[in-house]
Structures are given as C-alpha cells and as structure tokens.
Amino acid sequence: MRKWFVRAGGILVFLLASCQAENPPPPYLIGVHVAETELPGDYLERLERATDLGARAVRVPVDWAALEPNQKGELDAAYLNEVRDRFVRAEQLGLAAVLLLSQSPAWANGNAEPPYPPKPEHYADFADALVRLVEAVGPERIAAVEVWNEPNSIEFWGFVEPREGTFVLVPLDYAREYASLLNAAYDAMKRRFSELPVLGGSLASADTAYLDAMLAAAARFDHLAVHPYAGPDEREGPHYGRAQYPDQCNEEDPLTPPWCFEQGLRGLRALLDARGLHKTELWITEFGVGSSAEWGDAGSEAEQAKHLRIALGLLNGGLARELRIPVALWYRLQDEGEDRFGLYREDGRLKPAGAAFKELAP
C-alpha cells in the first residue's frame, strides 16, 4: 500500500492508494511524539516501531540549542544531518511529520539554561534558524512546523511565578512575548514557504485564557497546537489523585477546567469559532497520561490503556470531525526514567496502552 500527503485548503489530507482505494480516508491522523535519543540509529528504529503500532503521523522535536549552539548562523552539521535523517526515514515510512523547534541556545537567552525562551532581540534569530532548518530538511517532508513547546507553562517559559489560581501556567501578560516570537517565525516561514502550515500555541492544557490573550496580542498562525492533558481528580473516592478520564471534567474544582480532554477541546473550538477562526484546526500535538502511581498519573498500566481507549473512542466516534482535529499525537512512544507516558516500556516491551493504540488506530 502506498501512502502520501497533500494539502488542500490548508488541511492536511491523508491518501491511500491500493486495491481498497474506495475506502474513505480516516477522520484524522493518529500518531506519536518520538523523543530525542542518545544514538541517531535508535531514533530511526523508533520511527519504525511507531509504524508497527499503526501510527500515521509523528512529532519530531528539534533542539535549537543543539542546532545552533555557539552563535547565530553556525549550525551544527552533525546534528543537522541527524535531524534530516529522521525526516527522510519518516517520509519513507509514510509518516506525516510535525517539526517542533524549541529550546534556545545560551547566546540567545542571556546564558540561561534551556528551556528558557530567547530574549526579544533574538526572536528573529529563532525565525531564521527555523527557516534554515526547513530548507535543510526539505519542506516536502514536513506536515507542519510547531513554534515552541508549551509557552503557557512555567516549565517552558522561564520558570516564572505561576498565574494566580493555576498549577503551572504563566501569567497572561507573557502571551504577548510568545505572540511576538510566533509572529517572527510565522512571517519568516510565509516569506519562504507560504504553503507550509505554522502551528501556534502548543498549549499545555486547554488554556482558553492564554489563547484569548494570544489573539488579543494579534498572534499569527495557521492552526492551533494543543496538549489537552487531564488534571488529577481531587474528589473523594477510589479515583482520588488519579488523572481524570478523557470524558470527565470536575468543574467544582476551580483549578481543573483547563486540564480536561474532551471539554477542554470543546472550549478551545468554541473560542476560535467565536473569534471567527472557523477554518483554524486543532492539532493535538501531545496527549496522554503516565502509567505510574504518582499524583496525577493513571495509577497503573491497565488504567493508562483505559485512558487511551476512552480518548480514541471519542476521537474515532466523531469528536475529531466535529471539532476539526486532523492530527492527534500520543505523548510518547517509549518510557524513559520516571516518565511513564510511553506505549512501550523502557526495555522495549509493549505496554497495554500500546496494544490498545494498535487496535484502535483509525
């Protein structure tokens, strides 16, 4: 079976050519985030393992600090070749690849450690690095570019004091800073690659307040990237402290509503539509839950699989079409250390969530 991708009206379309060509395309592309690996060959092998599970899309993170570590314009050739190889292999495997660029080098962020964002005077440098990266990889191998990762989270925007009444979200004033970075990248991309979609937001949770602040700051983007993770259920009972299921949302807790899957996605769609952005799609570039017993995780591998089944049941059952979601990427392919979000265990064995993914992937 041959697979390829075209863009029609700004929407990524997945086409299958085979003896079953009369079958309609899937309602959305299911895929995974494949994190950086220590050895380049390991990354290529993980792309293959993603396709073994039925993934049709992949999110490929690129570290600006590794790409341009010493000074503007001086790209690390070895790292650039590694990144290019990832996209070449993804193309060979028929995977739609989302390119994420984040993590600023010390020369651009005032000698702070990543993931601090660049200083405003270096926003144009970030945009230039993104354009050069796309040129080197080949725009035909990229489904979309994603500008930064979770800028509304204190973990990825300078470890500032959290917004009042939230767990880890930044004060809304910082949305203006991100909008400026996003606009620099958007304008540079459109001058060089006008047809390639630029994803803005990359929101941790369904943070409608931050999105509203982005729009008020005149942020420019083609589609909205979102990470609709579920927060812990703080209601008394056997599920206390575990992540809420994708079809749940405890509205009695003022901290919870942004951290809901289905309801969060509906809220983002409603806000975009209210602003007249009906053609703006929701790209889920991360979703998932850890399988550990830590606060806010699923509690077990079996429970993690249950979360995945509920989420894919919602998307497959019409939510993707209703809310205009063309891509949904599980975070992540494989466990690493204390991060137990993977579909595979750290030793490479398939987890129950991986088996459920393979069964339900559209």
Practice task
Could you name each residue pair satisfying salt bridge (Lys or Arg N to Asp or Glu O under 4.0 Å) that touches residues 141-154, not counting sequence neighbours?
Solution key: R59-E146, E91-R141

Exercise for the section: Considering non-hydrogen atoms only, spot the tightest contact between H307 and A243 and give its length. Expected result: CE1-O, 3.2 Å

Handout entry: Any side-chain heavy-atom pair of L277 and L224 under 4.5 Å
Key = no

Exercise for the section: Would you please say whether a donor-acceptor pair under 3.5 Å links the side chains of E262 and Y245? Expected result: no

Practice task
Say whether L100 and V88 are linked into one hydrophobic cluster, either directly or through other cluster members, by side-chain heavy-atom distances under 4.5 angstrom.
Solution key: no

Fill in the blank from the handout: Across all chains, not counting sequence neighbours, the ring pair (Phe, Tyr, Trp, His ring centres under 6.0 Å) partners of Y116 are F159

Handout entry: Nearest-0.5 Å distance, CG of residue L29 to CH2 of residue W283
Key = 7.5 Å

Practice task
Start with the C-alpha distance between R349 and D347, add both sets of side-chain angles, then the distance that settles salt bridge (charged side-chain N to carboxylate O under 4.0 Å, His left out), and finish with yes or no.
Solution key: CA-CA 6 Å; R349 291 178 297 150; D347 62 9; 2.7 Å; yes

Exercise for the section: Flag the pair D233 and R235 as a salt bridge only when some basic side-chain nitrogen lies within less than 4.0 angstrom of an acidic carboxylate oxygen. Expected result: yes

Practice task
Would you check if the side chain of Q334 reaches a backbone N or O of E346 as a donor-acceptor pair within less than 3.5 Å?
Solution key: yes

Problem - Side-chain heavy-atom pair L169, S205 within 4.5 angstrom cut-off - result: yes

Practice task
Using atom types as modelled and distance alone, determine if a side-chain donor or acceptor of Q304 lies under 3.5 Å from a backbone N or O of V289.
Solution key: yes

Exercise for the section: For residues G296 and P232, report the shortest heavy-atom separation together with the two atoms involved. Expected result: CA-CB, 3.9 Å

Practice task
Evaluate the side-chain contact (heavy atoms from CB on, under 4.5 Å) criterion for residues M189 and L196: first the C-alpha distance (whole Å), next the side-chain angles of each, then the deciding distance (0.1 Å), finally the verdict.
Solution key: CA-CA 8 Å; M189 284 294 301; L196 191 59; 3.5 Å; yes

Exercise for the section: Using salt bridge (charged side-chain N to carboxylate O under 4.0 Å, His left out) as the criterion, list what pairs up with E113, not counting sequence neighbours. Expected result: none

Problem - Interatomic distance, I154 atom CD1 to F167 atom CZ [nearest 0.5 angstrom] - result: 12.0 Å

Practice task
Quick one: which residue pairs count as a ring-ring contact (aromatic ring centres under 6.0 Å, His included) with a foot in residues 181-202, not counting sequence neighbours?
Solution key: none

Handout entry: Validation row: H227, N149 side chains within 4.5 angstrom (heavy atoms)
Key = yes

Practice task
Given salt bridge (charged side-chain N to carboxylate O under 4.0 Å, His left out), test E45 with R49 step by step and report yes or no.
Solution key: CA-CA 6 Å; E45 186 267 340; R49 298 183 77 197; 3.6 Å; yes

Handout entry: Under-4.0 Å salt bridge between R340 and E294
Key = no

Handout entry: Any donor-acceptor N/O pair, N183 side chain to A218 backbone, under 3.5 Å
Key = yes

Exercise for the section: Identify the heavy atoms of G354 and L53 that sit nearest to each other, and give their distance. Expected result: O-CD2, 3.9 Å

Problem - Non-hydrogen side-chain atoms of P118 and D125 separated by less than 4.5 Å - result: no

Handout entry: Any donor-acceptor N/O pair, E68 side chain to P105 backbone, under 3.5 Å
Key = no

Exercise for the section: For the pair L101 and V145, evaluate side-chain contact (heavy atoms from CB on, under 4.5 Å) and give the outcome as yes or no after the intermediate values. Expected result: CA-CA 8 Å; L101 184 64; V145 296; over 6 Å; no

Handout entry: Nearest-0.5 Å distance, CG of residue L271 to CE of residue M214
Key = 10.5 Å

Problem - Pair W64 and F126, ring centroids less than 6.0 Å apart - result: yes

Problem - Ion pair check, R266 and E322, cut-off under 4.0 Å - result: yes

Problem - Residue pair S291 / K351, side-chain heavy-atom distance below 4.5 Å - result: yes

Handout entry: By side-chain contact (heavy atoms from CB on, under 4.5 Å) - contacts of N316 (at least two apart)
Key = Y28, L312, L360, P362

Practice task
For D297 and A293, indicate whether the former's side chain and the latter's backbone hold a donor-acceptor pair under 3.5 Å.
Solution key: no

Problem - R132 side, atom CZ; L130 side, atom CG - distance, nearest 0.5 Å - result: 12.0 Å

Exercise for the section: Look at the aromatic rings of H33 and Y331 and report parallel, tilted or perpendicular, splitting at 30° and 60°. Expected result: tilted

Exercise for the section: Flag yes if Y344 and F287 sit in one hydrophobic cluster, no otherwise; membership is Ile, Leu, Val, Met, Phe, Trp, Tyr, and two members link when side-chain heavy atoms are under 4.5 Å apart. Expected result: yes

Exercise for the section: Given side-chain contact (heavy atoms from CB on, under 4.5 Å), test Y123 with E177 step by step and report yes or no. Expected result: CA-CA 10 Å; Y123 288 171; E177 293 183 3; 3.7 Å; yes

Handout entry: Interatomic spacing from CD1 in I325 to CG in L319 - rounded to 0.5 Å
Key = 5.0 Å

Exercise for the section: Taking all heavy atoms of R84 and all of N81, pick out the closest pair and write down the distance. Expected result: NH1-OD1, 2.6 Å

Problem - Presence of salt bridge, D273 and R269, under 4.0 angstrom - result: yes

Completion exercise
Taken to the nearest 0.5 Å, the spacing of L272 CG from D212 CG works out to 10.0 Å

Exercise for the section: Assess whether atom CD of E121 is packed by more than 12 heavy atoms of other residues, nucleotides or ligands within 6.0 Å. Expected result: yes

Exercise for the section: Let me see the working for L268 and L203 under side-chain contact (heavy atoms from CB on, under 4.5 Å), right down to the final yes or no. Expected result: CA-CA 10 Å; L268 291 168; L203 301 177; 4.2 Å; yes

Problem - Check: D42 side chain, T37 main-chain N or O, donor-acceptor pair, under 3.5 Å - result: no

Exercise for the section: State which residues pass salt bridge (charged side-chain N to carboxylate O under 4.0 Å, His left out) with K190; sequence neighbours excluded, sorted by chain then number. Expected result: D222

Exercise for the section: State plainly whether one hydrophobic cluster holds both L133 and V60, where clusters connect Ile, Leu, Val, Met, Phe, Trp and Tyr through side-chain heavy atoms under 4.5 angstrom apart. Expected result: yes

Exercise for the section: Please name the pair of heavy atoms, one in V34 and one in V58, separated by the smallest distance, quoted to 0.1 Å. Expected result: CG2-CG2, 3.5 Å

Exercise for the section: State plainly whether the residues E36 and R86 are in salt-bridge range, i.e. N to O under 4.0 Å. Expected result: yes

Problem - Under 3.5 Å donor-acceptor, E251 side chain and P257 backbone - result: no

Problem - Y210 and Y178 aromatic ring geometry - parallel, tilted or perpendicular at 30°/60° bounds - result: tilted

Problem - Over all atoms of both residues, closest heavy-atom pair of C260 and A206 - result: O-CB, 4.4 Å

Problem - I284 vs L265 side-chain heavy atoms within contact, under 4.5 Å - result: yes

Practice task
Check whether W295 and F341 end up in the same hydrophobic cluster, where Ile, Leu, Val, Met, Phe, Trp and Tyr are linked by side-chain heavy atoms less than 4.5 Å apart.
Solution key: no

Problem - Side-chain touch V83/L67, heavy atoms, less than 4.5 angstrom - result: no

Practice task
Decide yes or no for L343 and L308: does some side-chain heavy atom of the first lie under 4.5 Å from some side-chain heavy atom of the second?
Solution key: yes

Practice task
Run the salt-bridge test on E303 and R242 with the 4.0 Å N-O cut-off and return the result as yes or no.
Solution key: no

